[in-house]
> 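The following block contains the structure, expressed as structure tokens.
Quick note: numbers below take in every heavy atom, side chains included, and nothing from hydrogens, waters or symmetry partners. Every chain is numbered from 1 and lettered A, B, ... according to where its sequence line falls, protein lines coming before strand lines.
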Amino acid sequence: MNEFLTAKNNAVFGQSPTTNRKVMVEYSSPNTNKPLHLGHVRNILLGHSISEILKACGNEVIKSTLVNDRGIHICKSMLAWQKFGNGETPARSGLKGDHLVGKYYVEFDKAYKAEIKNLVAIENISEEDAAKKSLLMKEAQQMLLDWEAGKLDVIELWKMMNGWVYDGFDASYKMLGVTFDKTYYESNTYLLGKTAVEEGLQQGVFEKEIDNSVWVDLTADGLDRKVLQRKDGTSVYITQDIGTAQLKYDDYKMDESIYVVGNEQDYHFKVLQLILKKLGKPYADGIYHMSYGMVELPNGKMKSREGTVVDADDLMGEMIASAKSTTEELGKVEGLSEVEKEKLFYTIGMGALKYFLLKVDPKKKMLFNPAESIDFHGHTGPFIQYTHARICSILRKNTITRQSLEDSLKGYALHPLEKKLIQEIYLFPIKILEAGKEHNPSVVANYAFNLAKEFNHFYAELSVLKSDNEKEIQFRLHLVEMVATVIKKSMLLLGIDVPEKM
RNA sequence: GGUUCCGUAGCUCAGUUGGAUAGAGCAUCAGCCUUCUAAGCUGGGGGUCUUUGGUUCGAAUCCAAACGGAAUCACCA
């Protein structure tokens, strides 16, 4: 009871005092050759949510993303566009920029496969040999070399097409309601890490082979030997990551650096952290790989090249459309302006999608069945949103003059259902801290569901406004108001908005 | 083959610092709208927590093995 009083009077209930810790969260980190898909959406929502949760735990949070804007993949799109694009632009075709570039990535793959098939048939060679002879691939590789050499026309083309992609991504991010404080571009960072290679060689942590390639031996730690620099002196993925880790630390001197990256890279991050430790980097221990499971479809994994991906923009559009039809069927749109309606459909549709992806433990792989659209009933975002709207409705309909909670409490005997609600509310800050510690937003998601469920139970059994006992009304108004506040705050930690009417 | 992760109801998931009859949602069956929004509520049926062994007063939870599934072990990123 006293806890409830302090909680209710605390405007920032749930927010922990500052820890003076600085945390960087890197998430999304897309390639610029294709649009975002459902897997990215899970990544992005996890990154956004854990950032909000860590803020609530009292940390200073820097949200960052590392755009993979260079490499052979983008060259493939560029080349295909040059060859088959006929000057198509997003403005002219009306196609979203990232989708347009993705289209040519697929075009490249088609043409490449056709070429291979042809070579195999005509020259009677193996697919492997055909791949080596592929002119298309050679052209793409040449384009990458030209890019690295700074050849003007290639750079111009690269800038233009990446620009299209960024416009597309910006629209998707806006739809998802996420932002970044800092964007790193791989085109600026891919050469970093060379100094780290020198450092490692000097310290004797790395070793150089006769062919000039540089390696690190991790067999003593139960891992393998790993190449860090090719014999031609160019760096590999992990080397770039070593350099980028240093850059991030130089920029922000953060205590913890979280990488929201799929669990297929578990090994990579183990190696990265170990190498940084061996190099004696002070920030090595602060690196945390927030590893999450893949989103699978009923017939297996999503593969961009095979077209078995669930496109992020399509999915968001479908969710909003089905929120619209469901809401209209229920006849809940009367009295709303067009603008309010659109906002409501958006809030509900995105709420359903976001909750669906965040309610499961990030570590676990999850199943998405496109045939069964995401539900709006039961353990879902809209259920929790609906609970909030119900409480708002009660508060709107109230006509009596409100008393302070202190006054309403005097001599008031709690009903068991009221007690349970208070107990549930009391858990809120504890759950946030747990979610932050475990790097697990689903803790908050499940908490919000339990609270909403508990409230609906209360709502079915007891009445707030229909009572002869004014003291009871006074107290229950405070109680349900607090439930609404906590639901709203919980959902905001997940990046989900809650409507006042639905 | 090595390493890592996973296996709980028909389906999707909670629960795992060891503790009482293992919980939700979906689906299914039976009820509840003249009463603060039925996107809701109540109840029924549905589980040898993959299997076997061990530790323990006590195991879904800890240990070992087996079986089943996934990821990874690239001079790709």
> Could you tell me how far B/rC29 sits from B/rG45 if I compare only their C1' atoms? Round to whole Å.
8 Å

> Roughly how far apart, to the nearest Å, are B/rA30 and B/rA22 at atom C1'?
25 Å

> Starting from P on B/rG40, measure out to NE2 on A/His388 and report it in whole angstrom.
17 Å

> Assess A/Arg42 against A/Tyr292: is NZ or CZ under 6.0 Å from the centre of the six-membered ring, and within 45 degrees of the ring's axis?
no

> Is A/Lys341 close enough and on-axis enough to A/Phe345, meaning under 6.0 Å and within 45°, for cation-pi?
no

> Exactly one of A/Ser172, A/Pro30, A/Ser28, A/Ser29 should register a side-chain contact (heavy atoms from CB on, under 4.5 Å) with A/Ile44. Which one does?
A/Ser28

> For A/Leu297 and B/rU12, what is the distance between atoms CG and P respectively, to the nearest whole Å?
14 Å

> Have a look at A/Leu228 and say if it touches a base, only the backbone sugar-phosphate, or nothing, with a 4.0 Å heavy-atom cut-off.
nothing

> Select base, sugar-phosphate, or nothing to describe what A/Tyr459 touches, counting heavy atoms under 4.0 Å on all strands.
base

> Can you tell me if the side-chain N/O atoms of A/Arg230 get under 4.0 Å from OP1 or OP2 in B/rC76?
yes

> Reckon A/Met366 touches a base, only the sugar-phosphate, or nothing at all at heavy-atom distances under 4.0 Å?
sugar-phosphate

> Could you tell me whether A/Lys332 contacts a base, only the sugar-phosphate backbone, or nothing, with contacts defined as non-hydrogen atoms closer than 4.0 Å?
base

> Anything under 30° is parallel, anything over 60° is perpendicular, the rest tilted; go ahead and classify A/His268 against A/Tyr237.
parallel

> Using the P atom as the reference point in each nucleotide, state the distance between B/rC11 and B/rU50 in Å, no decimals.
13 Å

> Within the pair A/Lys453 and B/rG40, is there a side-chain N or O less than 4.0 Å away from OP1 or OP2?
no

> Where the side chain of A/Phe376 is concerned, which of B/rC75, B/rA14, B/rA39 is the nearest nucleotide?
B/rA39

> Output the single nucleotide from B/rA14, B/rC75, B/rU37 whose closest atom is nearest the side chain of A/Ser213.
B/rC75

> Looking at residues at least two apart in the chain, or sitting in another chain, which of them share a salt bridge (charged side-chain N to carboxylate O under 4.0 Å, His left out) with A/Glu472?
A/Arg476

> Looking only at the side chain of A/Val227 (C-beta and beyond, no hydrogens), which of the listed nucleotides B/rA74, B/rA77, B/rC13 gets closest?
B/rA74

> In whole angstrom, give the distance that lies between atom CD of A/Gln385 and atom C1' of B/rG40.
15 Å

> Measuring to OP1 and OP2 of B/rC73, would you say a side-chain N or O of A/Arg225 lies under 4.0 angstrom away?
no

> Taking atom P in both B/rU72 and B/rA64, compute the distance separating them and give it to the nearest angstrom.
25 Å

> How long is the line joining CD1 of A/Ile72 and C1' of B/rC76, in whole Å?
10 Å

> Checking understanding here: a glycosidic angle within 90° of 0 is syn, the rest anti, so what is B/rC33?
syn

> Any Lys/Arg nitrogen of A/Glu209 or A/Lys231 sitting under 4.0 Å from an Asp/Glu carboxylate oxygen of the other?
no

> A/Lys270 side chain: which of B/rA39, B/rC75, B/rU3 is closest?
B/rU3

> Do the charged groups of A/Lys113 and A/Asp109 touch, with an N to O distance under 4.0 Å?
yes

> For the base of B/rC75, is there a side-chain donor-acceptor partner from A/Asp211 under 3.5 Å away?
yes

> Would you please classify the geometry between the A/Tyr173 ring and the A/Phe180 ring as parallel, tilted or perpendicular, with 30° and 60° separating the classes?
perpendicular

> Please map the stems of RNA chain B, keeping only stretches of three or more Watson-Crick or G-U wobble pairs with both distances under 3.5 angstrom.
B:1-7 with B:67-73, B:10-13 with B:23-26, B:28-32 with B:40-44, B:50-54 with B:62-66

> Taking atom types as modelled, find out whether A/Asn469 and A/Ser467 have a side-chain donor-acceptor pair closer than 3.5 angstrom.
no

> With sugar-phosphate meaning primed atoms plus P, OP1 and OP2, does A/His73 contact a base, only sugar-phosphate, or nothing at under 4.0 Å between heavy atoms?
nothing

> Can you tell me how far P in B/rU4 sits from the matching atom in B/rG46, rounded to whole Å?
40 Å

> What contact category does A/Val464 fall into here, base, sugar-phosphate, or nothing, at under 4.0 angstrom with non-hydrogen atoms?
base

> Starting the side chain at C-beta, find the nucleotide from B/rU37, B/rC41, B/rA14 nearest to A/Asp361.
B/rA14

> Determine the Euclidean distance between corresponding C1' atoms of B/rU28 and B/rA9; express it in Å to zero decimal places.
13 Å

> Between A/Glu264 and A/His268, which has a closest nucleotide on RNA chain B that is more 5'?
A/Glu264

> Please report the shortest heavy-atom distance between A/Leu405 and A/Phe475, naming the atom on each side.
CD1-CD1, 4.1 Å

> Rounded to whole angstroms, how far apart are CG on A/Leu272 and P on B/rU4?
20 Å

> Output the single nucleotide from B/rG40, B/rC13, B/rC36 whose closest atom is nearest the side chain of A/Ser393.
B/rC36

> At 4.0 Å (heavy atoms only), tell me whether A/Leu395 reaches a base, stays on the sugar-phosphate, or touches nothing.
nothing

> At 4.0 Å (heavy atoms only), tell me whether A/Glu329 reaches a base, stays on the sugar-phosphate, or touches nothing.
nothing

> If you compare every side-chain N and O of A/Lys226 against the phosphate oxygens of B/rA74 (OP1, OP2), does one of them come in below 4.0 Å?
no

> If you check every side-chain atom of A/Gln240, which of B/rC26, B/rA77, B/rA39 has the closest atom?
B/rA77

> Quick check on RNA chain B: between A/Phe383 and A/Gly71, whose nearest nucleotide comes earlier from the 5' end?
A/Phe383

> Is it true that the NZ or CZ of A/Lys248 lies under 6.0 Å from the centre of A/Tyr259's six-membered ring and within 45 degrees of the ring axis?
yes

> Check every strand shown and say whether A/Lys363 touches a base, only sugar-phosphate, or nothing at a heavy-atom separation below 4.0 Å.
nothing

> Work out how far the P atom of B/rA14 is from that of B/rU8, and round it to whole angstrom.
11 Å

> So, does A/His377 get its side chain near the phosphate of B/rG40, meaning an N or O under 4.0 Å from OP1 or OP2?
yes

> Look at the side chain of A/Leu330 and decide which nucleotide, out of B/rA38, B/rU42, B/rA39, has an atom nearest to it.
B/rA39

> Of the options B/rC41, B/rC75, B/rA39, whose atoms approach the side-chain atoms of A/Ala460 most closely?
B/rC41

> In whole angstrom, what separates A/Glu186's CD from B/rC76's P?
14 Å

> For A/Asn446 and B/rG15, give me the distance from atom CG to atom P, rounded to whole Å.
7 Å

> In whole Å, what is the span from the OH atom of A/Tyr267 to the P atom of B/rC73?
8 Å

> Decide yes or no, distance alone: a donor-acceptor N/O pair under 3.5 angstrom between the base of B/rA39 and the side-chain of A/Thr327.
yes

> Counting side-chain heavy atoms from CB outward, which of B/rC13, B/rG40, B/rA77 is closest to A/Asn68?
B/rA77

> Under 4.0 Å, counting only non-hydrogen atoms across every strand here, what does A/Leu367 touch: a base, just sugar-phosphate, or nothing?
sugar-phosphate

> Just jot down the side-chain contact (heavy atoms from CB on, under 4.5 Å) partners of A/Ile400, sequence neighbours excluded, or say none.
A/Asn398, A/Glu470, A/Ile473, A/Gln474, A/Leu477

> If you measure from the P atom in B/rA65 to the same atom in B/rU42, how many Å do you get, rounded?
45 Å

